[in-house]
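Only this structure's heavy atoms are used, side chains among them; waters, hydrogens and symmetry mates stay out.
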Amino acid sequence: MMEYVPAKTIVTKTRDSSWFGIDYNMNIYKGCCHGCIYCDSRSDCYQIGEFDRVRAKENALMIIRDDLRRKVRKGVVGTGAMSDPYNPFEKELNLTRHSLELIDAFGFGASIATKSTLLFRDVDILESIREHSPVLCKVTVTTVDDELAGKVEPGAPLSSERFTLISNLSSRRIFAGILLMPVLPFLEDDEENILGIVKAAHEAGARFIYAAFGMTMRNGQREWYLKKLEELFPDRNLALQYGKTYGNRYECSSPRARKLWNCFTRECEKYGILYNMKDIICAYKRGYGKIQQLSLFDL
């Protein structure tokens, strides 16, 4: 049974719109049951207790309606920053679906980040939003290897299923692509994996790939991640390797980051896939007049 937590507001203004041109953030759920071992939202600073237990915000749709109604300026509403908006409970609750209907009704754009194939259920609403405002779908993929994905993202659809999602979205002319982050050092940071993702993205019709070759680790998240590495890969001494390489650093770039970036960008250019943030923003907002001009002015 879903537990509900109180909330005063849900659609909040971003500090700037440089992250994918998003003007407002919207998080309907707290926690996530995808079980990704690297999730930054586990960090102590976010103060989300029992992160693997999903809770929904009480009276979410009423609050979102009132939040949108009060906005003086239209813009792109992003969801998926702190927890996946398409967790398994969403299939019955439809909170994300109905929030998109409100976004459509009030004339806003939508940007969605997810690992879930349930996103395609709402393609009809995305098509309706696209008639008046920008729509962007970001599907996280960190490895082309389904077996590895099943270990590091045990509750999420397999990578191959996410590529199928991108293909389905692209076939409906929805601007969709990949968040290639994090790329886990010593597990996913090899050329074979990166080039495999770019090739699969091209075959699925992805418009963009935004990559970060490494990961972040904060207190709380770090301890969980290193523990999971020892459980899942007991013979590889990965926790020790991380400790020697990064200590308690927050930004943990892959030692191969420069080399991977070079081969990644070369491959993206070969296929005509966007990878620069400003190019992605310009492309998905192209043709939307005032919303596009105002958002780009804020960059």
Side-chain angles (χ1 to χ4, degrees), residues 7-30 39-41 43-48 57 63-64 66-85 96 99-100 102-104 106-114 126 129-130 132-140 174-183 207-218 221 249-253 257 261 265 274-299:
K8 293 182 179 179
T9 186
I10 294 177
V11 182
T12 58
K13 186 76 176 69
T14 58
R15 293 181 181 178
D16 64 70
S17 58
S18 60
W19 182 255
F20 287 100
I22 295 170
D23 303 292
Y24 302 97
N25 281 322
M26 178 183 72
N27 289 295
I28 301 171
Y29 295 99
K30 291 188 71 173
C39 185
D40 178 72
S41 295
S43 302
D44 292 344
C45 64
Y46 297 120
Q47 300 180 338
I48 304 176
K57 294 182 180 177
I63 294 170
I64 291 168
D66 292 342
D67 285 345
L68 292 173
R69 180 184 290 163
R70 286 193 294 264
K71 302 301 181 192
V72 175
R73 174 182 155 191
K74 306 297 184 187
V76 175
V77 179
T79 188
M82 292 298 297
S83 60
D84 199 307
T96 297
S99 71
L100 290 174
L102 289 169
I103 286 169
D104 186 18
F106 282 95
F108 287 75
S111 173
I112 300 169
T114 185
L126 298 179
I129 295 172
R130 190 184 60 198
H132 56 77
S133 301
V135 171
L136 175 69
C137 291
K138 301 166 286 181
V139 181
T140 300
I174 299 297
F175 197 99
I178 289 172
L179 286 177
L180 178 50
M181 57 175 67
V183 174
R207 299 289 305 276
F208 69 92
I209 306 174
Y210 192 72
F213 299 111
M215 65 181 299
T216 59
M217 285 199 287
R218 292 184 173 99
Q221 172 202 10
R249 282 162 49 188
Y250 167 59
E251 294 186 3
C252 305
S253 297
W261 177 257
T265 54
L274 302 173
Y275 58 85
N276 177 276
M277 179 63 78
K278 287 190 176 182
D279 291 341
I280 296 167
I281 295 171
C282 287
Y284 93 89
K285 291 190 174 184
R286 188 171 294 126
Y288 290 98
K290 189 176 181 181
I291 288 180
Q292 179 192 25
Q293 292 166 15
L294 288 172
S295 295
L296 290 177
F297 181 78
D298 283 346
L299 292 179

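- Here the side chain of S17 pairs no donor or acceptor atom with the backbone of D23 at under 3.5 angstrom.
- Under 3.5 Å, the side chains of K138 and S111 contain a donor-acceptor pair of N or O atoms.
- When all heavy atoms of I129 and F108 are compared, the closest pair comes out as CG2-O, 3.4 Å.
- Taking the salt bridge (Lys or Arg N to Asp or Glu O under 4.0 Å) definition, one finds that R15 meets it with nothing, sequence neighbours left out.
- Contact check for N25 versus V11: no side-chain heavy atoms found under the 4.5 Å cut-off.
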Could you go through the side-chain contact (heavy atoms from CB on, under 4.5 Å) check for Y210 and I178 one step at a time? CA-CA 6 Å; Y210 192 72; I178 289 172; over 6 Å; no
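- Here the straight-line distance linking atom CG of L274 with atom CD1 of I280 works out to 6.0 Å at 0.5 Å rounding.
- Residues K30 and K57 meet the side-chain proximity criterion, which asks for heavy atoms closer than 4.5 Å.
- Counting only heavy atoms from C-beta outward, the side chains of L126 and D104 never approach each other to under 4.5 Å.
- When all heavy atoms are compared, the tightest approach of M277 to S18 is CG-O, 3.5 Å.
- Residues D44 and R218 are not paired through a salt bridge, judged by the lack of any N-O separation under 4.0 Å between the basic side chain and the carboxylate.
- At least one side-chain heavy atom of T265 sits under 4.5 Å from a side-chain heavy atom of Y275.
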side-chain contact (heavy atoms from CB on, under 4.5 Å) for Y288 and R130? Distances and angles first, verdict last. CA-CA 9 Å; Y288 290 98; R130 190 184 60 198; 3.1 Å; yes
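- Using modelled atom types, one side-chain atom of Q221 and one backbone atom of T216 make a donor-acceptor pair closer than 3.5 Å.
- Scanning both residues, A113 and P85, for their nearest heavy atoms gives O-CD, 3.3 Å.
- Counting heavy atoms from C-beta outward, S99 and I28 have side chains that approach closer than 4.5 Å.
- Contact check for I103 versus M26: side-chain heavy atoms found under the 4.5 Å cut-off.
- A search for side chain to side chain donor-acceptor pair (under 3.5 Å) contacts involving T114 returns D84, not counting sequence neighbours.
- Here OH of Y24 is found 14.5 Å from CD1 of I64. Values are rounded to the nearest 0.5 Å.
- To the nearest 0.5 Å, atoms CD1 (I112) and OG1 (T96) are separated by 8.0 Å.
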Could you go through L136 and F208, starting from their C-alpha distance and side-chain angles, then the distance that decides it, and tell me whether this counts as side-chain contact (heavy atoms from CB on, under 4.5 Å)? CA-CA 10 Å; L136 175 69; F208 69 92; 3.5 Å; yes
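- With hydrogens and angles disregarded, no donor-acceptor distance shorter than 3.5 Å links the side chain of T79 to the backbone of N27.
- Residues A81 and S41 come closest through the heavy atom pair O-OG, 4.2 Å.
- Side-chain N or O atoms of S43 include none that pairs as donor or acceptor with a backbone N or O of C45 at under 3.5 Å.
- T14 contributes a side-chain N or O that, together with a main-chain N or O of I22, makes up a donor-acceptor pair within less than 3.5 Å.
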Run V183 and M215 through side-chain contact (heavy atoms from CB on, under 4.5 Å) and show every step you take. CA-CA 6 Å; V183 174; M215 65 181 299; over 6 Å; no
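- When every heavy atom of K74 is checked against every heavy atom of F106, the shortest pair comes out as NZ-O, 2.5 Å.
- Screening R69, R70, K71 for a salt bridge (charged side-chain N to carboxylate O under 4.0 Å, His left out) with D67, the sole residue that qualifies is R70.
- You'll find the side chain of K8 stays beyond 4.5 Å of the side chain of I63, heavy atoms only.
- In terms of modelled atom types and a separation under 3.5 Å, the side chain of K285 and the main chain of G21 share a donor-acceptor contact.
- In this structure, C137 and I174 approach most closely via the heavy-atom pair SG-CG2, 3.7 Å.
- Separation of the F20 and Y284 ring centroids does not fall under the 6.0 Å cut-off.
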